[in-house]
Structure formats: structure tokens, C-alpha cells
Amino acid sequence: MNEFKYISDFNKVIDGVDIVEVVEEFVSLSKDGNSYVGFSPFKNENTPSFKVNPNKKIFKDFSSGIGGDVIQFYSIMKKISRVDAMRELAKRYNINISRNYSRDKYSLEHKILNDAVEFFSNKFKESKVAQEYMINRGYNIKDLKEYSIGYAPDSWNELYDELKIKYDEKVIQSIGLISQDSLNTKRYYDNFRNRIIFPIFNTKNQIIALGGRYIGDGDSPKYINSSESKVFNKSNELYGIFDGGMALKQTKYAILTEGYLDVLSSHLNGFKNTVASLGTAFTDGQAKLLKKYVNSILILYDNDDAGRLATIRAIGILNKNGFLIRCLNLPDGFKDPDEYFKSNNKKDFISLLNVSVDSFQYVFNAYSLGLNLDEINSKLEIINRFRTYFKDINNRIILKDEIFKLSKMLKVDYDDLIKEYSDILGKVKKEVNKNKINNKFVINSKNNKRDMLEKVTLEFLISSDSKFERYVSIISTFNFENEIYNELNRKLKSISYNTNNIYDNLYLSEDEYQVLSDLVFNKIENVDEDSYFRLLQSWLKLYLEEIKEEVNLLKDMEKMMALYKVSLLTNKLNVTDSIMDLEIIHKDIIELRRVYDGSKQ
């Protein structure tokens, strides 16, 4: 629907609805001047950052950045489109709106699926068998309500009997809920029987299909999905996007798993950026869906041979789409995330991210299994196997970097490998993929330079090596203006930036957990001295820019002298290539900051 065309209806609802009253159905609010404040409904927090302004008729959640009008809030919380949210609010508040605009092209199919999910949810509440199954798998029944988990009773046509009262059989059948009896075409039976039901949402928060896990003793398939339909193409959808992609945008990376229960366990433990393909191998369409929200992926497939093969296939697809990829094997004894979270928690998992590896290392480990890399035949075998991996990389710079890594691992001349893979290199375009080049020390001045520099610095510090102690001793003393980064830096410094077993002696807030998990995910591998040099250089340039802003407030003569000193240090900084020079410049900057801004270090 073209919302602009019917903007008067939206404005009627926004003006006619009490936003505070609607919000308080989901969030406990307290008066705060002309506004109301409460805890975020979108993420865990210790300090309320969610605000509602009834005069402006808007809300803003400062912890997640989400904001908008009452229709936007209601659509997010109810997981429905803005159009449906507008309709529901208009009906509740007796607001007259137009009736002549077209509904969603497939609104009937979505409505049938919504009714089916409601039916299954009620059956789950009534079924001790279904509830005991989930409890035995380590789930709290109250937690499952948020995900609309249901139960399909062990009956041939209970759902069909419920839906046929309101809907045509052919439409119900078209979305995969029922099938026609081959012997008696007038009879229909339910496709989902004696199964835990997982509703599958699209990025518009519409239910588009169902997944079902068999809990009986028979030989039925363990998992089934709805068949493909007008509203469901399983190659282009993922299970786990329950919020329109909001969690993916916030965390900036996705955790890719294999199954419904893997997603459910991960979400319940705070990793709401976890998704799974729908009973099939990961597809290009699913990669393109993720690309709308993230540029980084952590693959967390099952710890078995099939899982490893699936990981390598997924790496190929993700490489074609330009993702930054890391892979994680769970510790021995845990087949999948669902098993892992039965005896481990969020803290344990974030610590585990430290042992994740990049896609090249994962593939190399897999390809070299059972081979003796001291033998020339084994090296040739690895070189041949890597052709498949390299063919999927669509950036020339990244490809040459990966070939260089292989030459080091195999102790083979780099130029010889370049010749070996010349046919692949010849087909790759020369443009730079900004998402994949690990150039952490280049700071974009158009964005929030200091905030970005602080985050990059933390990434360096948790990746630090003892041989770069000279740089770390300077960089770790810098004050961060971002409160979360500053507090996290203080705590990490107390344990010498060692993120292994970090939670044994370190308390972190929820926000700090989230930031740390992002830092660990993006942990820099093989950091070199040149990178540290340029990072320190970036900090010193920033300090000189800040001093320059301060001295512009001084009187003419004093200002001229100060700017002259800043100019001298800036010139030195631009031409030096020595850590010793940087140390001297750093000391001079500290003195300048002391003189011209006593409040700063």
C-alpha cells in the first residue's frame, strides 16, 4: 500500500490515539516533566532510556535508537504491518478511516496463518505432553510465549475443522496447512500432527509459514515446514527474524545456525541476532536477505561431518556476497547451540567467541585433516582443494591476501601460487570491498571520529601481543568519551585485556556485555606494528585537532603561539615513522593539553 496516498488516515489515528495509554500496555511508564520514561521493551538495560512525549505524540528508545509515532510502536510490539496497526488502533478508538484502499495482496493467507498459530498456541497451553517435552529440553514455558510456540495435536483434522468454518479449503491447502485425501477428494487432513510448532515470520513481522518438530515415537520426519506458497519461499526466508531485523541491525552481525531450537535457545540467552535456514542448505537468497541488515556472519553449525560440510558450503555463498565471516566449533560434548545452552550461559558463549576463526582458517583446517603438510603431494592436494574456496571470493585484493595466507601456511612461494590461481584472479574485479578489508586504523572523519576511534582501539587492545607493549602502554592510558567504552576499557585494563575466562573475576553490565561480544567477534587477527603505529598516530592527530578547537577561544597573541605549537607537532606527526618520535610527540601533547585545557589529561 502507498502510505503517502492515505496519509490523512494515518494522521487521524496518530492524532486521535493516546500514545501514553497504548505504550503502557507494554511498558511501565513514570512521569518525567512533560514526558514519560520507562525501561526499553526492545533490549535489556539497567537504566530506563525509553521516553514518550505525549505533546509531540512520539516515542524514542535511546538504547536501541528506535523511535516513531504510536502506529510505529504498536506495529513493532504486535509484529504486524503499519497498515494493520493503523487499522487496529482506529477500530479500538472508534476513528473513522477510509475503506476503499486495497489490503495486502495476500492478507487472506496471512490471516489464516495467524488463526492457525493462535489455534496451536492454545493447544500448547492445554497439552501437558507438549509442555513436558519443552521443559525436558530445558525451556521455561513462560519464555516461549514471546515466540508464539504452539502444539499441533495428534489428530487427523482438528486444525482443518477449526479453519474450514471461516476459510475455503483450497486456500488453506495452498499455504501447506492441510492436504487432500488421495482416496477421497472431499476429505482433508492436517499436515502438522503431534508436533511442536514454530511460526516463521518475514521481515514485515508477518507469519508466512510454520515449522514443526515431531515429538512422537513413530518414524515421521523429525522436522517439517509448510510447503512453499504465495507468501512463502523458503530459499529467501530465515527463521529467527522476529522483530523486522532490528536485533541484526543493532548487533551488526548475525549468528547462523541450523535449527529452530538452536535459534530459540540462542535468543533466550540474549543472542537475538541468531537465525537459521529452513530445513535446507543455506542459499544465496538467504544471504541477500541478511545483507540488508549485516555485513558480518558467525557460522555456528552442528559439530559433526555434515555440519562441517554445510559450513564450507555456506562460506562459499557468503564470500560471493561480500560478508566478513567467522566460524565457531562448540566444545567437545556439544553437538549444537541448543545442547550448549542447556549447561552454559551468555557469559560462557561470549568467552567462546575468542576461539572463533576466520573463514580461511576454518577451510584450511578442514581441508588439511588427515594430510601430512610436510609432504609435497599433500601440499598439492590442499592447493587444488582451495580452488573452490577462492572461486567464490569476488574481490581481487581479498583474494590475493588469502592466497598469501595459504603460501605462508604451506611454506610455498607466493608468486608460484599467484601463477597457479591466475585463471581465478583473472576473473575477479579489482574494486575494493569496504566491508571485508580489515583496515581498522583508517578513521572516517565524516562519522563520529572519536567514537569510532575508541571502538577500534578496544578491538586492538583485546587483540594485543606482548611485542607491541610499547604501543599498548600509551594507547591504554587514553580517556574515552563514550561512557560504555570508557568503563569497559577500565575493566579490561584491570585484567590486562585478556578476554579468556573474562567473566570469572569481572562484572559487566548488559550494555557492556553487548559491546564486548561485538568487539570479540571483530577481534583483529595478525595485527602488525604498522597498524599499531597508525592507530597511535590517529589518536595524536585527534588530540591536536581538539587542542586546536580549544585554543581558538584564546586571545590573539596567546592563540597565535598555541596554534604555532600545534602546527609544529602536526608537521612532525605527519612525517615521522618512528615510535620514539610518537612517544615524544605524545608527551608534548600532554603538556599542551595541561596548559590549554586543565580538565583533560
Side-chain angles (χ1 to χ4, degrees), residues 324 397-398 401 404 432-482 484-486 488-490 492-493 496-497 515 518-519 522-552 561-597 599-601:
L324 176 67
I397 295 174
I398 296 166
D401 183 59
F404 179 76
V432 176
N433 183 336
K434 295 177 182 177
N435 295 324
K436 291 272 286 189
I437 296 300
N438 188 11
N439 202 14
K440 301 272 185 182
F441 41 78
V442 177
I443 307 302
N444 185 350
S445 61
K446 292 181 181 178
N447 296 325
N448 186 333
K449 181 184 285 188
R450 174 177 268 278
D451 199 65
M452 189 174 180
L453 183 57
E454 290 173 3
K455 181 174 183 292
V456 169
T457 300
L458 283 175
E459 291 175 5
F460 268 76
L461 288 171
I462 66 171
S463 309
S464 60
D465 189 297
S466 57
K467 63 185 177 183
F468 302 123
E469 184 58 36
R470 201 168 173 182
Y471 292 94
V472 173
S473 64
I474 299 174
I475 294 169
S476 62
T477 64
F478 295 152
N479 287 329
F480 294 175
E481 290 185 355
N482 182 301
I484 295 176
Y485 293 162
N486 193 50
L488 193 54
N489 182 48
R490 183 186 68 79
L492 290 170
K493 189 176 180 180
S496 302
Y497 300 99
V515 170
D518 185 34
L519 291 173
N522 291 302
K523 191 172 180 178
I524 306 166
E525 295 182 7
N526 304 317
V527 63
D528 55 22
E529 184 173 5
D530 184 56
S531 300
Y532 265 109
F533 184 90
R534 282 190 269 175
L535 176 67
L536 179 53
Q537 197 176 41
S538 294
W539 268 105
L540 299 181
K541 285 181 179 179
L542 177 67
Y543 278 149
L544 287 172
E545 289 173 9
E546 291 177 346
I547 292 171
K548 192 173 181 180
E549 290 178 7
E550 293 290 334
V551 301
N552 278 325
M561 289 297 297
L563 288 175
Y564 175 70
K565 291 177 183 179
V566 170
S567 178
L568 279 178
L569 289 176
T570 301
N571 289 337
K572 285 183 183 179
L573 192 58
N574 287 334
V575 299
T576 186
D577 58 2
S578 162
I579 175 60
M580 187 178 296
D581 287 344
L582 289 186
E583 289 172 329
I584 294 170
I585 294 169
H586 176 233
K587 289 177 182 177
D588 290 340
I589 287 175
I590 290 175
E591 180 61 21
L592 273 181
R593 286 166 69 87
R594 186 187 66 79
V595 172
Y596 297 113
D597 185 5
S599 65
K600 292 183 179 179
Q601 184 178 323

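Keep in mind that the numbers below use all heavy atoms, side chains included, and drop hydrogens, waters and symmetry copies.
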Given 3.5 Å as the limit, does a donor-acceptor pair link the side chain of [X] with the main chain of [Y], or not?
X	Y	value
Tyr532	Val472	no
Thr477	Ile474	yes
Glu529	Phe468	no
Thr570	Val566	yes
Glu454	Asn482	yes

Hey, does [Y] have a side-chain heavy atom less than 4.5 Å from the side chain of [X]?
X	Y	answer
His586	Phe478	yes
Ile579	Leu536	yes
Ile585	Ile589	yes
Ile590	Tyr543	no
Val575	Asp581	no
Thr457	Leu535	yes

Atom pair [atom1]/[atom2] of [X] and [Y] - distance to nearest 0.5 Å:
X	Y	atom1	atom2	value
Gln537	Leu582	CD	CG	6.5 Å
Arg450	Asn479	CZ	CG	8.0 Å
Ile547	Leu569	CD1	CG	8.0 Å
Glu469	Ser496	CD	OG	8.0 Å
Leu453	Glu481	CG	CD	11.0 Å
Asn574	Asn571	CG	CG	6.5 Å

Do you know the tightest heavy-atom contact between [X] and [Y]?
X	Y	value
Ser476	Asn489	O-ND2, 3.8 Å
Arg534	Asp530	NH2-OD2, 2.6 Å
Ser531	Phe460	CB-CE2, 3.7 Å

Fill in: Ionic contact status for Lys587 with Glu583, cut-off 4.0 Å
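No salt bridge links Glu583 with Lys587.
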
Worksheet item: Run the ring-ring contact (aromatic ring centres under 6.0 Å, His included) check on Trp539 and Phe480 step by step: do they pass?
Response: CA-CA 11 Å; Trp539 268 105; Phe480 294 175; 5.8 Å; yes

Item to complete: Report, as yes or no, whether the 6.0 Å neighbourhood of atom NZ on Lys541 holds more than 12 heavy atoms from other residues, nucleotides or ligands.
Response: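 Result for NZ/Lys541: enclosed.
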
